[in-house]
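Working notes for the structure below.
Chain A is the first sequence line, chain B the second, and so forth, proteins listed ahead of strands; every chain is numbered from 1.
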2 protein chains.
Amino acid sequence: MALTTRQFEILTFIQEWIRERGFPPSHGDVAERFGFNRNAAREHLLALARKGEIELSPNDARGIRVLKDASGPRQFELPLFGNIAAGAPLTAPENAQEWLRIDPDLFRPRADFLHRVSGDSMVDAGILDGDLVGIHHQSEAANGDIIAACLLDRRTGYESITLKRYRRRGRQVSLIAENPRYAPIEIDLAKDEAAQELPAFRIAGVMVGLFRTGRPK
Amino acid sequence: MALTTRQFEILTFIQEWIRERGFPPSHGDVAERFGFNRNAAREHLLALARKGEIELSPNDARGIRVLKDASGPRQFELPLFGNIAAGAPLTAPENAQEWLRIDPDLFRPRADFLHRVSGDSMVDAGILDGDLVGIHHQSEAANGDIIAACLLDRRTGYESITLKRYRRRGRQVSLIAENPRYAPIEIDLAKDEAAQELPAFRIAGVMVGLFRTGRPK
DNA sequence: CTCAGTGCTGTGCAAATGCACAGTATCCAA
DNA sequence: TTGGATACTGTGCATTTGCACAGCACTGAG
């Protein structure tokens, strides 16, 4: 759920406080910083907890745990991208939904970002609904690679990422699902370029790994 | 300055508390854990502060900052275990083949170690040969869980870990592959115990996630 | 033998703290 | 127009918590 500006300010304050002192602020500390009542601080914390940003431990002084830490060392972390509105560069670090502490160099070649798979179109490649796939940023791919394909809907202006196996013959590109129940997506690059607009298809990168969390179904 | 065993215990407790809850323990929490007086806890904290292990923020509830984190860069890493010779505790941190920089808390519940899958017996669960599965350490499992089963070969004395779906009816345990080409492994717990030796079967933990690296085949 | 350090019990207190309850005002969507 | 979410003020209370002071027992160094 989206945060209000005030809530975001308070979350940032809590993160900075913890980074500087090693323990979370109390309600009073938050209230003092922003110049309002202790109970107002409490309600902000409850709101942040409702929205899943923090976790509160009842009756414990300073019982705050920040769940999604935006700060900290980004060195061994990977950004997770969802589908974002047109224009916005899909894989710009500042548009990350979340940063996960996974060393990008564990993948080979190195992963640049993660993408959440939705749907079961790649089950036969061992890629399930909800899995996070590691993507190495590159604009070309070899036949047989599984790629993160970036598709632009020219009418709505929305970009979306899909994971498919890539196959190209001349100017004809096929995006093939690893599930017999799904038909391939066919793209004619010649036609695509002739449109003289933004290309409707581009390669965001190739899949270099996968991360799955949770008990299996 | 060197720590006493008691002080080391308390420091470790504080580190674990923070890792699990995101904020430090109070004097009372420490006292309760070790079964002594709140003031005894306070004096231990003062001693740890004198010795430079922690920093105390006066008058602040839970005002503890751990300065030298003994777990160090290991905080966001996971050990990978292979199959090890008999006797050696399979999942003791010092027996790790490798440490991978993946935040254990990304898994739910938290992963304690990774295990490399060999073979294609779990393909239908989206688990491929060479995948690393995250395992949460626990000695019991629910029916349907995918578990890391620890099997001991009594003749050779070798222990090995296999990943299988767990199903138990009374004293009869079935370890089921997710691939029709493999037959389930059947274990009779009654017979197992009657052997009056080390149990041939135990649950090392339950699968809580998966990590795969490399371009798909 | 003495003294410092460790490792506790026990009591008491003031301040810090979480939390419940009662209001007020604004905005926005149904 | 009503209801819910946001964003506060203000009061009061029971606990939690840090902290101080008074002891006791043990150990190891000088």
Using atom [atom1] of [X] as one end and atom [atom2] of [N] as the other, report the distance to the nearest whole Å.
X     : N      : atom1 : atom2 : value
A/R62 : D/dT16 : CZ    : P     : 17 Å
A/D60 : D/dG18 : CG    : P     : 11 Å
B/L46 : C/dG5  : CG    : P     : 14 Å
B/F36 : D/dG23 : CZ    : P     : 23 Å
A/L3  : D/dT6  : CG    : P     : 10 Å
A/F23 : C/dT17 : CZ    : C1'   : 14 Å
A/R50 : D/dG4  : CZ    : C1'   : 11 Å
A/E43 : C/dC21 : CD    : P     : 13 Å

Problem set entry | Earlier contact from the 5' end, DNA chain C, for A/L56 and B/N59 |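 It is B/N59 whose nearest nucleotide is closer to the 5' end.
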Exercise. Relative to the 5' end of DNA chain C, which residue comes earlier, A/P58 or B/H44, by the nucleotide with the nearest heavy atom?
Worked result: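 Result: B/H44.
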Tell me whether the side-chain N/O atoms of [X] come closer than 4.0 Å to OP1 or OP2 in [N].
X     : N      : value
B/R38 : C/dG12 : no
A/R42 : C/dA20 : yes
A/K51 : D/dT6  : yes
B/S26 : D/dT16 : no
A/R6  : D/dA5  : no
B/H27 : D/dT17 : no

Problem set entry | Cationic N near anionic O, under 4.0 Å, B/R101 to A/D105 |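 The answer is no: the pair does not qualify as a salt bridge.
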Exercise. Just by distance, do the side chain of B/D145 and the backbone of B/I147 share a donor-acceptor pair under 3.5 Å?
Worked result: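 Judged by distance alone, no pair lies under 3.5 Å.
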Exercise. Can you tell me if B/R165 uses its side chain to pair, donor with acceptor, with the backbone of B/G144 under 3.5 Å?
Worked result: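 Pair found, side chain donor or acceptor close to backbone of B/G144.
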Problem set entry | Under 3.5 Å donor-acceptor pair, A/N37 side-chain atoms to D/dG10 base atoms |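 It does, because a donor-acceptor pair links the side chain of A/N37 to the base of D/dG10 below 3.5 Å.
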Exercise. Quick one: the side chain of B/N39 and the base of C/dG10, do they pair up donor-acceptor inside 3.5 Å?
Worked result: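 Side chain to base: pair found, below 3.5 Å.
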For this session: Look at the side chain of A/T4 and decide which nucleotide, out of D/dC21, D/dT17, D/dA7, has an atom nearest to it.
Result: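 The answer is D/dA7, which lies nearest to the side chain.
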For this session: With heavy atoms under 4.0 Å as the rule, sort B/Q7 into base, sugar-phosphate or nothing.
Result: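 Since only primed, P, OP1 and OP2 atoms lie under 4.0 Å of B/Q7, the category is sugar-phosphate.
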Exercise. Which part of the nucleic acid, if any, lies within reach of B/A61 when heavy atoms closer than 4.0 Å are counted: base, sugar-phosphate only, or nothing?
Worked result: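 The answer is sugar-phosphate, as B/A61 gets under 4.0 Å only of primed atoms, P, OP1 or OP2.
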Exercise. Can you say whether the rings of B/F34 and B/F13 are parallel (under 30°), tilted (30 to 60°) or perpendicular (over 60°)?
Worked result: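 Perpendicular, since the angle between the ring planes exceeds 60°.
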For this session: Take the angle between the ring planes of A/F201 and A/Y166 and call it parallel below 30°, perpendicular above 60°, tilted in between.
Result: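 Judged by the thresholds at 30° and 60°, the geometry between A/F201 and A/Y166 is parallel.
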Problem set entry | For B/H27, the option from B/N37, B/L45, B/N39 that meets side chain to side chain contact (heavy atoms under 4.5 Å, CB included) |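 With B/H27 as partner, side chain to side chain contact (heavy atoms under 4.5 Å, CB included) holds for just one option, B/L45.
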